[in-house]
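Here is the structure we will look at, set down as structure tokens.
Chain naming here is simple, since letters A, B, ... match the order of the sequence lines and numbering starts at 1 in each. Computed from a prediction, not measured in an experiment: that's the story for all the values here. Side chains included, hydrogens not; waters and symmetry mates left out as well; all remaining heavy atoms used.
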Amino acid sequence: MIPGVRGTRDIVPGDVERWQRVEAVARDVCGRYGYRELRTPIIEREELFAKGTGASTDIVQKEMYAFTDKGGERVTLRPEATPGMVRAFVEHALEQSLPVPKLFTIGPMFRYERPQKGRYRQFHQLNVEVFGVADAALDAEVIEMACTFVETLAIQGAELVINSVGCPECRPEFSEALLKALGEDLPKLCGDCQRRAATNPLRIFDCKVAADQPIIDQLPHSVDYLCDGCREHFEAVQRYLRAYEQPFRLSHRLVRGLDYYTRTTFEILASQLGAQNALLGGGRYDGLVKKLGGADRPGIGFAAGLERLVLALPGTDDEVAPDVFVAALGEGAREAAFVLARALRASGLQTLVDYEPRSAKAQLKRANRARARYTVIVGDDELARGEVTVKTMATGEQQSIARDGVVAALSSS
RNA sequence: GUGAGUGUAGCUCAAGGGUAGAGCGCCGGUCUGUGGCACCGGAUGCUGGGGGUUCGAAUCCCCUCACUCACCCCA
């Protein structure tokens, strides 16, 4: 046997129904908020992510499936969707053709990481992006929609966390304040934190090392360093959320890993997932469209991890069961059985037939195992009278029905 | 990339140097054209893979692969 590639998974029948449920809810919710689907390729030029996601991020530095193709082009399997969505938005001038560029996409992403629960090398996301709207009302609507999505899936124990990381105006000031506050304590922090202090000081807030916490708890908060514009924007976002009666927790430690985030950031956490507990995360990225060669347009969006949503989904697996099982008894009845099955399917009934000439007992057993509602027994005896026998599996009750009336009888039941 | 744990039948798990097992599931019979319940019978494993120690390895040792948890990262 040749095993599947590490970090990839098959979604088998019995599991796939849960995925379909998540995807159906995603499409339904997106549709109600006015989003249109945009499907972009899984491979993109490597530079799209170096520029978009950010050259300093771990994703770009060590997690991309990047290679040189046969034409000498540097390409990569996409590690996230947003830069591709922005590229397509710009490339097709979607702002001209769509009333409001509200876009969503569902598909696989690839990151070369050590797999663990809730984290895979090929994983799937729902991505939601809106371009060209700077108003805080949209931030709140996007966040509220994300919450509605999770609630509609009946996922328990989800918590919304929000923060503001400022903009290119006020963030440098905050980073400086951070380093200044750290001062002589910096060498006391863990190695990772010291590295973060040099590359992206905000990410010190991500640290989970226990010994570092007393120091980190004393650090200033980004919300206290926002410029007037960012502060008013963030206050407005919170006002709208309260108006929606959407509970949220402010966390000055929510900083997010991608370089492009500005102002509002948010996550929905699920308590039952363990270490990989973010169901969904996103924020505003006002400089990204311009950076990727488009006009100066603001943007906001989020990505939801489908594996994690499926993991957090409450138990009940929806069983897939046929309406009818057609059992053919006797060599002469088989042809009639297949013709009948075709007619039942044409009328919309999910129908199975046995392909082996098994005993009546064996076929009934199969019908039972498949959880068919009805078994239609097509036998030589019945056919001679122009009839078939319909058995209701739940009750065991059965009756003879004219062969040409069985489709009508079953499709109305 | 780092650390720890676990890999035995389709699934959940026993056997800790001496002939690989159970429960569930699957197939068949009792019931020759009638499922579920009961009873009876049957099939299924290169014990993740490779190497070593030993008269003999699922069991001990080494390597490798995969999975799980945590770090890291993030959806």
Side-chain angles (χ1 to χ4, degrees), chain A residues 1-9 12 14 22 53 57-63 79-82 106-128 146 150 190-193 195-196 203 206-210 254-258 265-270 273-282 301-312 325 327-330 333 354 356-383 388-398:
Chain A
M1 187 193 69
I2 300 168
V5 171
R6 180 168 203 197
T8 67
R9 305 197 310 165
V12 299
V22 170
T53 309
T57 61
D58 280 30
I59 292 176
V60 169
Q61 279 184 0
K62 47 192 190 194
E63 295 175 3
E80 60 142 346
T82 303
I106 296 174
M109 309 295 154
F110 302 83
R111 290 181 201 169
Y112 193 87
E113 295 183 275
R114 184 86 166 248
Q116 69 183 65
K117 194 175 197 124
R119 187 176 80 182
Y120 306 96
R121 288 184 175 177
Q122 175 175 338
F123 60 103
H124 301 77
Q125 289 186 335
L126 160 68
N127 271 258
V128 164
V150 171
C190 67
D192 284 325
C193 282
R195 185 175 50 77
R196 290 176 183 127
R203 304 227 56 218
D206 269 346
C207 182
K208 290 170 197 158
V209 176
L254 172 59
V255 289
R256 311 224 21 93
L258 308 183
T265 58
F266 62 96
E267 284 185 357
I268 294 180
L269 272 20
L273 291 189
Q276 310 300 328
N277 66 343
L279 281 177
L280 151 179
F302 68 83
L306 299 194
E307 279 79 3
R308 294 179 188 179
L309 290 165
V310 168
L311 224 48
F325 190 100
L329 301 183
D354 205 332
E356 302 287 329
R358 282 177 230 276
S359 67
K361 181 188 179 65
Q363 293 192 61
L364 262 296
K365 206 168 185 174
R366 278 165 182 274
N368 183 58
R369 190 165 68 104
R371 298 169 190 259
R373 280 180 68 202
Y374 300 102
T375 298
V376 176
I377 298 162
V378 183
D380 295 329
D381 302 351
E382 287 92 336
L383 284 179
V388 296
T389 300
V390 174
K391 177 164 190 162
T392 305
M393 298 303 279
T395 61
E397 157 197 11
Q398 58 185 55

Q: In plain terms, say whether A/R256 and A/E267 are close enough for a salt bridge, that is, a side-chain N and a carboxylate O under 4.0 Å apart.
A: yes
Q) Charged N to carboxylate O below 4.0 Å: is that the case for A/E397 and A/K391? A)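 Result for this pair is no, no salt bridge flagged.
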Q) When A/R308 is tested against each of A/L280, A/L273, A/N277 for side-chain contact (heavy atoms from CB on, under 4.5 Å), which residue passes? A) A/L273
Q: Only one of A/T265, A/V60, A/T53 passes side-chain contact (heavy atoms from CB on, under 4.5 Å) with A/L258; say which it is.
A: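 Only one of A/T265, A/V60, A/T53 forms a side-chain contact (heavy atoms from CB on, under 4.5 Å) with A/L258, namely A/T53.
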Of all the heavy-atom pairs spanning [X] and [Y], show the shortest one and how long it is.
X	Y	answer
A/G7	A/P115	CA-CG, 3.8 Å
A/I59	A/P79	CG2-CB, 3.5 Å
A/A367	A/T375	CB-OG1, 3.2 Å
A/Q116	A/A275	NE2-CB, 4.1 Å
A/N127	A/A303	OD1-CB, 3.6 Å

Whole-Å distance separating the [atom1] atom of [X] from the [atom2] atom of [N]:
X	N	atom1	atom2	answer
A/L258	B/C74	CG	P	6 Å
A/E267	B/A75	CD	P	7 Å
A/H124	B/C74	NE2	C1'	17 Å

For nucleotides [N] and [M], find the distance between their [atom1] atoms and express it as a whole number of Å.
N	M	atom1	value
B/A58	B/A9	C1'	14 Å
B/A15	B/C60	P	12 Å
B/G29	B/G35	C1'	16 Å
B/C46	B/A57	C1'	14 Å
B/U53	B/U59	P	15 Å
B/A22	B/A14	P	16 Å
B/A43	B/G51	C1'	33 Å
B/U64	B/G28	P	47 Å

Restricting to nitrogen or oxygen on both sides, can you table the protein-nucleotides 5-11 of chain B pairs closer than 3.5 Å?
none

Q: Using a 90° cut-off around 0 for syn, call B/G16 syn or anti.
A: syn
Q. Counting distance only, does the side-chain N/O of A/R373 pair as donor-acceptor with the main-chain N or O of A/M393 below 3.5 Å?
A.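 Looks like no, no N/O pair under 3.5 Å.
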Q: Using modelled atom types only, decide if a donor and an acceptor are shared between the side chain of A/R119 and the backbone of A/E113 within a distance under 3.5 Å.
A: no
Pair up each side-chain donor or acceptor in residues 358-366 of chain A with any protein partner under 3.5 Å, not counting sequence neighbours, and list the distances.
| unit_1 | atom_1 | unit_2 | atom_2 | d |
| --- | --- | --- | --- | --- |
| A/R358 | NE | A/D354 | OD1 | 3.3 |
| A/R358 | NE | A/D354 | OD2 | 3.0 |
| A/S359 | OG | A/A362 | N | 3.0 |
| A/Q363 | OE1 | A/A328 | N | 3.1 |
| A/Q363 | NE2 | A/A328 | O | 2.7 |
| A/Q363 | NE2 | A/R358 | O | 2.9 |

Q. Could you write nucleotides 68-73 of chain B as a row of B, S and -, 5' to 3', where a protein heavy atom under 4.0 Å of any base atom gives B, of only sugar-phosphate atoms gives S, and otherwise -?
A. -SBBBB
Q: Determine, for nucleotides 28-39 of chain B in 5'-to-3' order, which nucleotides have protein heavy atoms under 4.0 Å from the base (write B), from only the sugar-phosphate (write S), or from neither (write -).
A: S-BB-BBBB---
Q: Both distances under 3.5 Å, Watson-Crick or G-U wobble: on that basis, could you give the dot-bracket string for RNA chain B, with [ ] for crossing pairs and | for other-strand partners?
A: (((((((..((((....[..)))).(((((.......))))).....(((((..]....))))))))))))....
For [X], answer base if it contacts any base atom (sugar-phosphate contacts may also be present), sugar-phosphate if it contacts only those atoms, and nothing otherwise; contact means non-hydrogen atoms under 4.0 Å.
X	answer
A/L279	sugar-phosphate
A/G4	nothing
A/A303	sugar-phosphate

(Q) Just to verify, what does A/E80 make a salt bridge (Lys or Arg N to Asp or Glu O under 4.0 Å) with, not counting sequence neighbours? (A)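 Salt bridge (Lys or Arg N to Asp or Glu O under 4.0 Å) list for A/E80, sorted by chain: empty.
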(Q) Distance to the ring centre below 6.0 angstrom and angle to the axis at most 45 degrees; does that hold for A/R121 and A/F110? (A)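 That pair does not qualify as a cation-pi contact.
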Q | Between A/E382 and A/T389, a side-chain donor and acceptor under 3.5 Å | A | yes
